[in-house]
Visitor: 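Got a structure here, written out as structure tokens. Questions coming.
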Number of protein chains: 4
Amino acid sequence: MAETMLAAVVREFGKPLSIERLPIPDIKPNQILVKVDTCGVCHTDLHAARGDWPTKPNPPFIPGHEGVGHIVAVGSQVGDFVKTSDVVGVPWLYSACGHCEHCLGGWETLCEKQEDTGYTVNGCFAEYVVADPNYVAHLPATIDPLQASPVLCAGLTVYKGLKMTEARPGQWVAVSGVGGLGQMAVQYAVAMGMNVVAVDIDDEKLATAKKLGASLTVNAKDTDPARFIQQQIGGAHGALVTAVGRTAFSQAMGYARRGGTIVLNGLPPGDFPVSIFDMVMNGTTIRGSIVGTRLDMIEAMDFFARGKVKSVVTSGKLENINTIFDDLQNGRLEGRTVLDFRS
Amino acid sequence: MAETMLAAVVREFGKPLSIERLPIPDIKPNQILVKVDTCGVCHTDLHAARGDWPTKPNPPFIPGHEGVGHIVAVGSQVGDFVKTSDVVGVPWLYSACGHCEHCLGGWETLCEKQEDTGYTVNGCFAEYVVADPNYVAHLPATIDPLQASPVLCAGLTVYKGLKMTEARPGQWVAVSGVGGLGQMAVQYAVAMGMNVVAVDIDDEKLATAKKLGASLTVNAKDTDPARFIQQQIGGAHGALVTAVGRTAFSQAMGYARRGGTIVLNGLPPGDFPVSIFDMVMNGTTIRGSIVGTRLDMIEAMDFFARGKVKSVVTSGKLENINTIFDDLQNGRLEGRTVLDFRS
Amino acid sequence: MAETMLAAVVREFGKPLSIERLPIPDIKPNQILVKVDTCGVCHTDLHAARGDWPTKPNPPFIPGHEGVGHIVAVGSQVGDFVKTSDVVGVPWLYSACGHCEHCLGGWETLCEKQEDTGYTVNGCFAEYVVADPNYVAHLPATIDPLQASPVLCAGLTVYKGLKMTEARPGQWVAVSGVGGLGQMAVQYAVAMGMNVVAVDIDDEKLATAKKLGASLTVNAKDTDPARFIQQQIGGAHGALVTAVGRTAFSQAMGYARRGGTIVLNGLPPGDFPVSIFDMVMNGTTIRGSIVGTRLDMIEAMDFFARGKVKSVVTSGKLENINTIFDDLQNGRLEGRTVLDFRS
Amino acid sequence: MAETMLAAVVREFGKPLSIERLPIPDIKPNQILVKVDTCGVCHTDLHAARGDWPTKPNPPFIPGHEGVGHIVAVGSQVGDFVKTSDVVGVPWLYSACGHCEHCLGGWETLCEKQEDTGYTVNGCFAEYVVADPNYVAHLPATIDPLQASPVLCAGLTVYKGLKMTEARPGQWVAVSGVGGLGQMAVQYAVAMGMNVVAVDIDDEKLATAKKLGASLTVNAKDTDPARFIQQQIGGAHGALVTAVGRTAFSQAMGYARRGGTIVLNGLPPGDFPVSIFDMVMNGTTIRGSIVGTRLDMIEAMDFFARGKVKSVVTSGKLENINTIFDDLQNGRLEGRTVLDFRS
Ligand SMILES: [Zn+2]
Ligand SMILES: [Zn+2]
Ligand SMILES: [Zn+2]
Ligand SMILES: [Zn+2]
Ligand SMILES: [Zn+2]
Ligand SMILES: [Zn+2]
Ligand SMILES: [Zn+2]
Ligand SMILES: [Zn+2]
């Protein structure tokens, strides 16, 4: 094994990441070391590198939380449920306390003592990453790491979000925004037996949604999506708003069916106006949802492994991470860019 | 039977109600006529009489939707599940379509074709009222109408709201606002096995909450309820906000436990700011809830009939309705004023 | 309109049905008259005609509860939600009381005062049938009645049964018995996003199950289904036993995953042995389920109307009902025989 | 610290336990050592010592799984969530794998790789016991160990069983058998806001049930409980059968309300007859439930700590375990006998 590794490091918020050669980190007795094969680039990495959110990471740190790789070292106290050469995913949830009400109830994503990969601990924009064996995803050896990477965060997030809409098979779910997250959401919803209406302002993206199985689409630039969806189907039982902006949010309030549930997946700063009068009259539920638990991950990966959901990915190089960040920020990317460390 | 009845009529929004003697209304073959014994005076009646809400009633009309009385006439097509002299409650939900998805699913309160007593059809501020036998509450003959009246709307509303928090027995629910609704909410929550923390700005009301079974109370004038509740109990699993104002609403966002549910029972005009970032990070659910279904009514009444929940009422006279409205509007009423038609 | 109609009448339990010309029945003000286009022949009709069950119908009566037809007369007190020439389905649940806890909770199929078509009231083995407008299924005018008939009972029953397994999209459900009910169950389960393992003792039927979307099949004649299913997938999250026999029932106990739910759809006489020790150790749930509610019907029909579920039907004539009963009893029928009254 | 400890050891199934002085066991880096203060004596200990069940423990072993004590040694790899002198409970579930679907979903009691205290590993009929810090119950320092011991298994089991009935506050639950488990069940049900009907054949026990808050009682020796409960309350929404015998089981089938759920808490050998016809017609659910998860334990202990549930205990001595077993087997014990090691 090599003694050093290439990594992209945030040295200062808002500055370009620095590509460095660093010592491969040591592991503690309860940790594993993973050689990273691929890692997707997520909007959250961008927010991390810029220090956008109220609770900030501490530079220097390595972002990246859609890592797929194989185990190259196992700590002395780790049980036999993992072993060297196992293929694993290293996701956003690096670890949780394991003892709080959330952890015990299968809701470790709500743990107040969680560590997050590429944020509070170093992540996968590096050739090697330390991981907690209790929180990695266990993947089949035959999986395509390039395709699998975006499932670890983007796929998981929308899959969980769809579950949280409580829409049942045969009911209607609206997917608002058909970018990277939205494309996955349409596929998951269809695989879950839901009827999908896709909402976007880009006809090409709506055409993609159709191809991925959406039954209805509406271009919110031309058509009032609330009126359209209420007329066509009497309102959506569930709505997944993948990119929360004021407009998308208030549209969803308008096209949800009475008693329906709107799930928010994005993390926009600032306050959004909501009409409590309407919410009470219509019995509407609004709910926030972030990533998913380990059990959600198994399920989301299973849909992927069974071919029900496909990722749209472009391969990228760690050395180009700053350009990729630039393109991501400016909306110039079609689908997910995944860093490939294998060649 | 008399040929005329006394009634309080809204002739023009915002004007005093006129006390009139009107012909007793005829019933259709599928209706019943109820002689009103008592009727509670609710904030909604005030909103109706002022035309406060976007969808307005059509004057002239008679408000009142907490009517308790007995059946004096049964239409020719009504089945034998009701009969003359039965004691019934005439609630807010006058009728629903019976065929839509909401009605078939036991959610008739979400029916888009509902009629509402004292709003879209004449209500119980009158000696007689026409009712739909399929939507009245069936009450024991021994019930005290004065006490039972507020259960029909205030009690039902908070009981349903508490159910919608999805807080389970043994979990913590915060009741925000210990006025008429809040006092009932504390009692229902305790009877449902929940632990209650009451939030208000009036020490006397908080003392009442304690007496009614609240385990904790916090005066939001002196103490930050979010910090207090997070410190004491790690946040509330559920929260019922009985009187939605900006402050009460944003406090609830702060004291809800991660994964918790905030239920809104009030109908304030205007938009309220919500931090979607917090909602997503904390996995919070916000939900609107209005009155309750017929099954909820049976349950809410059963708690009352078993003595688990008591109303705080003052008896009033129809002739004084304008004074009562005045006092209600200015917060001068302790507990519910219930019109008594029996003497 | 004709004055008489052809009907198949049970005059005595266990005797051949008598084909008779009878007066077209009158309707009450709250009823409708339906001209029957088609009606499926169900095992329940056989049980009714033989008086097999503890609670028996009262001869003479007309069986048949999978009727599709159009309304030809509407009672004077019926609301405007139905009108002449509407296409409707007349299902097993003729009516329910509308006021009990079950009816109010969207569980009218559990109503203790229900009437059942072709059992407690006359059914659809006749050119005309009286129906309760509140309980018929509302069908699109373009529906194929021959195909739709079996959905009214067979389809509805397995769809509801699958819901009652509480298996979620992506989980495994075992369908035990791939006869008429089982074939529909496989299709519904697949449309609901579940993974299906089919269990039968007939290779041809298992091949059909595969074609309809089952991921795994096991022939219980050669292979122990419990061992097979536990090995392959770690047990089934849910199981639907469409034809309950001792063997099928105890097999299901063996292949259910811990915490799994077994739903029974059949109505066999006699007692079945169950190991409570195993049930407690494995946290197993066993649950009975019969037909489905009106809301379930809307959903089951919607899957059918969207082409997700197809019926396998053979057209038959009322005059041949006794031969059809004979073939049904002796297992000589492939798919559903549907009486066609249209020619 | 002493070097040896007193323990009651099963050397051979069906033989008296031998009271021995053994070396205090060593702990591994991920374990803790607990000095036992008290340990309840449970029927399961009797079954273990006799080798009654299909999967048997391996003698020699020490039974006992209701241990309350304090930590005297913490392994080097254990995190800082436990420390010396913490008061903990050592329950039936010694450990689970932490990685299977059940463990990840908050259902570690269904883990197929679980270890069980006093069964597959040594238990608490000894002055010291080794425990897994991730699975012990964390108790307040002020708790009375004598009272708390039975909550660890008996209390937990009935609390979880009541949850699994899915009966809601205000609904009726039948508690069948008012022995040690049943007495706790009545208290938990009342604290959870349910209405309780108690069923037993001993008037004294029924009087106790009344005193503990049961609203109705029925002596099954004199009165048919099915007829009584159906007449009085229209059937029970949920039923908890604490001691499963053929009679108790078939009675429960009779007094459950349509759509109701019967939860079985006992572990009787042999098969029990069930009428599938009735189960399907009535939409009945039967469900097995064993002990409870760590989250259930927190909740069950919280009810106890808040004084809502009290144990009825008799203090005993380890030296007398064989007499206690004898009395237990012959039904001569009133309430729980708890071994007290403190004096
Ligand atoms: Zn991400
Ligand atoms: Zn935690
Ligand atoms: Zn009101
Ligand atoms: Zn409706
Ligand atoms: Zn049928
Ligand atoms: Zn009914
Ligand atoms: Zn025990
Ligand atoms: Zn496990």
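Order of the sequence lines sets the chain letters (A, B, ...), proteins ahead of strands, with each chain counted from 1.
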Visitor: Using non-hydrogen atoms and a limit below 4.5 Å, what part of residues 251-264 of chain B faces chain A?
Guide: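 Residues Arg257(B), Arg258(B), Gly259(B), Leu264(B) are the ones that qualify, each having a heavy atom under 4.5 Å from chain A.
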
Visitor: Strictly distance-based, threshold 3.5 Å: is any side-chain N or O of Ser215(B) a donor or acceptor partner for the main-chain N or O of Asn195(B)?
Guide: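 Here the side-chain-to-backbone pair does not exist.
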
Visitor: Are there residues of residues 276-292 of chain B whose heavy atoms fall under 4.5 Å of chain A's heavy atoms? If so, which?
Guide: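 Residues of residues 276-292 of chain B touching chain A at under 4.5 Å: Ile276(B), Phe277(B), Met279(B), Val280(B), Met281(B), Asn282(B), Gly283(B), Thr284(B), Thr285(B), Ile286(B), Arg287(B), Gly288(B), Ser289(B), Ile290(B).
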
Visitor: Which one wins on heavy-atom pair count under 4.5 Å against chain A: Glu101(B), His102(B), Met164(B)?
Guide: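 Sorted descending by pairs with chain A, the first entry is Glu101(B).
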
Visitor: Around atom NZ of Lys56(B), are there more than 12 heavy atoms of other residues, nucleotides or ligands at under 6.0 Å?
Guide: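 Yes, NZ of Lys56(B) has more than 12 neighbouring heavy atoms, counting only those of other groups under 6.0 Å.
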
Visitor: If only atom types and distance count, is the side chain of Ser176(B) paired as donor or acceptor with the main-chain N or O of Leu240(B) below 3.5 Å?
Guide: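 It does not hold such a pair.
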
Visitor: Check whether Gln114(A) reaches the backbone of Thr109(A) with its side chain - one donor and one acceptor, N or O, closer than 3.5 Å.
Guide: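 Between the backbone of Thr109(A) and the side chain of Gln114(A) there is a qualifying donor-acceptor contact (under 3.5 Å).
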
Visitor: Would you please say whether a donor-acceptor pair under 3.5 Å links the side chains of Thr120(A) and Glu115(A)?
Guide: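 On atom types as modelled, these side chains qualify, holding a pair under 3.5 Å.
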
Visitor: Is there a donor-acceptor pair under 3.5 Å between the side chain of His237(A) and the backbone N or O of Trp172(A)?
Guide: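 Checked: pair present.
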
Visitor: Name the region of Glu112(A), side chain, backbone, both or neither, that has any atom closer than 4.5 Å to a heavy atom of chain B.
Guide: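 Interface part for Glu112(A): both.
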
Visitor: Evaluate Tyr159(B) against Val151(B) for side-chain contact (heavy atoms from CB on, under 4.5 Å), listing each step before the verdict.
Guide: CA-CA 9 Å; Tyr159(B) 172 65; Val151(B) 181; over 6 Å; no

Visitor: Quick check on Cys100(A) against chain B: is it the side chain, the backbone, both or neither that has a heavy atom closer than 4.5 Å?
Guide: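 Neither; nothing under 4.5 Å.
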
Visitor: Would you confirm whether Thr117(A), through its side chain, and Leu93(A), through its main-chain N or O, come within 3.5 Å as a donor-acceptor pair?
Guide: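 No; zero donor-acceptor contacts below 3.5 Å.
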
Visitor: Does Val178(A) offer a backbone N or O that forms a donor-acceptor pair with the side chain of Asp200(A) under 3.5 Å?
Guide: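 Present.
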
Visitor: Taking all non-hydrogen atoms of both residues, which atom of Asp52(A) and which atom of His47(A) are closest, and how far apart?
Guide: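 Of all heavy-atom pairs spanning Asp52(A) and His47(A), the closest is OD2-ND1, 2.7 Å.
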
Visitor: So, Asp45(A) side chain and Gly64(A) main chain: donor-acceptor pair closer than 3.5 Å or not?
Guide: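 Answer holds: yes.
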
